[in-house]
There are 2 protein chains.
Amino acid sequence: MDRIDYQILSTLHDNARITISEMSRMIAMSQPAVTERLRKLEEQGVITGYRAEISPSKLGKHTTAFVLFKSNNCKEFEVFGEATPEIVDLYRTGGEYNYLLKVVTETSETLETFLETCNNFGFSSTLVVLSTRFEDKSLVGSTE
Amino acid sequence: MDRIDYQILSTLHDNARITISEMSRMIAMSQPAVTERLRKLEEQGVITGYRAEISPSKLGKHTTAFVLFKSNNCKEFEVFGEATPEIVDLYRTGGEYNYLLKVVTETSETLETFLETCNNFGFSSTLVVLSTRFEDKSLVGSTE
DNA sequence: CCTGAAAATATATCGCC
DNA sequence: GGCGATATATTTTCAGG
């Protein structure tokens with residue numbers, strides 16, 4: 001993992017659909033060499049995937065919240081988490097609560113319905129997101 | 001936005017680097033038609049970007065935490081948030097705290113240093129992530 | 001590990017329905 | 001909106017340093 005690998009990671013973090021040819025021009029290296037480096041970064045698990053970012057509001061999902069959760073039946077709760085489309089992220093945490101969920105719903109009413117379902121599994125505390133300042137800041141600094 | 005648009009979104013959410021030709025085969029539509037639909041989805045802001053997912057641990061970042069924050073100088077705090085590479089996500093929230101941060105650091109020691117810096121801006125409460133069950137579940141159901 | 005060249009794919013841009 | 005055809009660009013593959 002040298003500086004060129006970091007440049008590749010940084011570039012793909014900004015735009016995962018860039019062509020390898022264009023990247024190879026940006027970083028002044030032949031296109032087959034970039035292809036091979038990229039293949040290795042994927043193989044080693046440094047890059048775990050590529051995803052399109054989709055605007056929740058354009059899909060009618062206008063409410064985002066984080067829910068702290070305390071469950072005493074973790075297996076059951078995780079099955080529920082997997083099966084529930086509103087739960088976008090699911091983290092196991094230390095401290096008073098044992099789960100943190102990111103939840104995306106259509107309106108605050110839909111969020112309320114979701115939270116009522118949650119009450120079947122334990123105790124929760126909700127933080128409503130008013131706005132997102134930024135998300136997914138790059139882990140690789142521009143000069144690494 | 002019909003069923004085909006949802007198929008395009010779902011496919012790109014799973015793999016943002018798929019070729020349009022391959023997508024056009026999967027959804028049985030001509031390549032120029034898929035290209036045109038994709039162009040419109042980007043133009044309308046339904047798709048806001050494409051990013052590579054990078055494994056924090058492969059970059060030596062082994063600690064993730066969420067930090068609840070109460071600041072009484074929001075402008076100052078947001079400038080700090082932008083400038084601080086450890087802060088990966090920054091949300092404005094309602095309730096007792098006014099910010100929620102996702103923080104990624106190398107070790108728990110680096111997290112501690114970060115939290116000490118934070119104390120200059122207000123009061124915080126930290127939830128350490130033990131493990132991530134899943135992240136970025138698709139907002140578009142497979143049959144929409 | 002990288003380059004350069006050639007063959008196989010993919011994309012952009014037509015005119016047409 | 002979508003299709004087919006074609007010109008341009010990109011990716012894959014591989015011999016050679």
Side-chain angles (χ1 to χ4, degrees), chain A residues 1-62 106 136 138-144, chain B residues 1-61 136 138-144:
Chain A
M1 288 267 296
D2 59 6
R3 208 181 57 81
I4 292 176
D5 284 330
Y6 279 107
Q7 280 185 265
I8 293 174
L9 293 177
S10 176
T11 306
L12 286 171
H13 183 269
D14 288 352
N15 174 19
R17 279 186 72 77
I18 193 175
T19 64
I20 292 175
S21 309
E22 197 174 332
M23 252 199 295
S24 76
R25 282 185 291 257
M26 286 167 64
I27 67 189
M29 175 177 274
S30 79
Q31 178 264 316
V34 176
T35 303
E36 180 60 12
R37 277 167 176 268
L38 183 52
R39 195 192 61 72
K40 281 184 186 154
L41 288 168
E42 291 170 350
E43 194 182 66
Q44 297 172 271
V46 180
I47 297 174
T48 55
Y50 302 97
R51 26 189 60 145
E53 299 228 308
I54 294 162
S55 161
S57 66
K58 298 280 177 174
L59 299 183
K61 318 250 180 181
H62 299 285
E106 299 183 13
D136 294 312
S138 180
L139 294 177
V140 331
S142 42
T143 50
E144 286 181 276
Chain B
M1 289 267 295
D2 59 7
R3 207 180 57 81
I4 291 176
D5 284 329
Y6 279 107
Q7 281 184 264
I8 292 172
L9 293 178
S10 176
T11 305
L12 287 170
H13 184 269
D14 288 353
N15 175 17
R17 279 187 73 76
I18 193 175
T19 63
I20 292 175
S21 307
E22 196 174 333
M23 251 200 295
S24 77
R25 270 168 266 162
M26 285 168 64
I27 67 189
M29 176 176 271
S30 77
Q31 174 263 312
V34 175
T35 303
E36 179 60 13
R37 277 169 176 266
L38 183 52
R39 194 192 61 72
K40 280 184 187 155
L41 289 168
E42 290 169 350
E43 194 183 66
Q44 295 169 219
V46 180
I47 297 173
T48 54
Y50 303 96
R51 34 188 51 148
E53 299 227 309
I54 294 163
S55 161
S57 65
K58 299 280 177 175
L59 298 183
K61 318 250 179 179
D136 294 311
S138 179
L139 294 177
V140 329
S142 43
T143 50
E144 285 180 274

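Naming convention: chains lettered A, B, ... in sequence-line order (proteins, then strands); numbering from 1 in each chain.
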K.L.:
What is the distance from CD of Glu36(B) to C1' of dG15(C), rounded to the nearest Å?
P.N.:
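After rounding, the reported distance stands at 15 Å.
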
K.L.:
Check whether the side chains of Gln7(B) and Thr11(B) place a donor and an acceptor atom closer than 3.5 Å, and report yes or no.
P.N.:
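There is no such pair (donor and acceptor under 3.5 Å, judged by atom type) between the side chains of Gln7(B) and Thr11(B).
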
K.L.:
What is the distance, rounded to the nearest whole Å, between atom CG of Asp5(B) and atom P of dG1(D)?
P.N.:
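Between P of dG1(D) and CG of Asp5(B): 10 Å.
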
K.L.:
What's the shortest heavy-atom distance between Ala16(B) and Arg17(A), and which atoms?
P.N.:
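Closest heavy-atom pair between Ala16(B) and Arg17(A): O-NH1, 2.7 Å.
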
K.L.:
Could you tell me the separation between the CG atom of Asp2(A) and the P atom of dC1(C), rounded to a whole number of Å?
P.N.:
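The answer, rounded to whole Å, is 9 Å.
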
K.L.:
Take atom CZ of Arg37(A) and atom P of dC1(C), then tell me their distance rounded to the nearest Å.
P.N.:
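Distance, rounded to whole Å: 8 Å.
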
K.L.:
Step by step, work out the salt bridge (Lys or Arg N to Asp or Glu O under 4.0 Å) result for Glu43(B) and Lys40(B).
P.N.:
CA-CA 5 Å; Glu43(B) 194 183 66; Lys40(B) 280 184 187 155; over 6 Å; no

K.L.:
Between dG2(D), dT11(D), dT3(C), which nucleotide has the shortest distance from any of its atoms to the side chain of Ala33(A)?
P.N.:
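Among dG2(D), dT11(D), dT3(C), the one nearest the side chain of Ala33(A) is dT3(C).
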
K.L.:
Do Tyr6(A) and Leu59(B) come within less than 4.5 Å of each other through their side chains, counting heavy atoms only?
P.N.:
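Yes, side chains in contact.
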
K.L.:
Round to a whole Å and report the spacing from CD1 of Ile27(A) to P of dC2(C).
P.N.:
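The answer, rounded to whole Å, is 10 Å.
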
K.L.:
Provide, to the nearest angstrom, the distance between the CG atom belonging to Leu38(B) and the P atom belonging to dA10(C).
P.N.:
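Taking CG of Leu38(B) and P of dA10(C), I get 16 Å after rounding.
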
K.L.:
Using a 4.0 Å heavy-atom cut-off across all strands, classify Arg39(A) as base, sugar-phosphate, or nothing.
P.N.:
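Nothing, no heavy atom under 4.0 Å.
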
K.L.:
Looking only at heavy atoms, which two atoms of Gly45(A) and Ser55(B) are closest? And how far apart?
P.N.:
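The pair with the smallest heavy-atom distance is O-CB, 3.3 Å.
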
K.L.:
Between dA12(C), dT12(D), dC2(C), which one does the side chain of Thr35(B) approach most closely?
P.N.:
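Looking only at side-chain atoms, Thr35(B) lies closest to dA12(C).
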
K.L.:
For the CG atom of Leu139(A) and the NZ atom of Lys61(B), what is their distance to the nearest 0.5 Å?
P.N.:
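It comes to 6.0 Å.
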
K.L.:
Determine the minimum heavy-atom distance between His13(A) and Arg51(B), stating which atoms define it.
P.N.:
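Closest approach of His13(A) to Arg51(B), heavy atoms only: O-CB, 3.1 Å.
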
K.L.:
Do Gln31(B) side-chain and dA12(C) base share a donor-acceptor contact under 3.5 Å?
P.N.:
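Answer is yes: a donor-acceptor pair is held.
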
K.L.:
What parts of residues 12-22 of chain B reach DNA chain C, counting only heavy atoms under 4.0 Å away?
P.N.:
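Within residues 12-22 of chain B, the residues near DNA chain C are Thr19(B), Ile20(B), Ser21(B).
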
K.L.:
Rounded to whole angstroms, how far apart are NZ on Lys40(B) and P on dA12(C)?
P.N.:
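In whole Å, dA12(C) P and Lys40(B) NZ are 15 Å from each other.
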
K.L.:
Roughly, in whole Å, what's the span from CE in Met29(A) to P in dC2(C)?
P.N.:
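In whole Å, dC2(C) P lies 5 Å from Met29(A) CE.
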
K.L.:
Heavy atoms from C-beta onward define the side chain here; which of dG4(D), dG2(D), dC1(C) lies closest to that of Pro32(B)?
P.N.:
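Among the listed nucleotides, the one closest to the side chain of Pro32(B) is dG4(D).
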
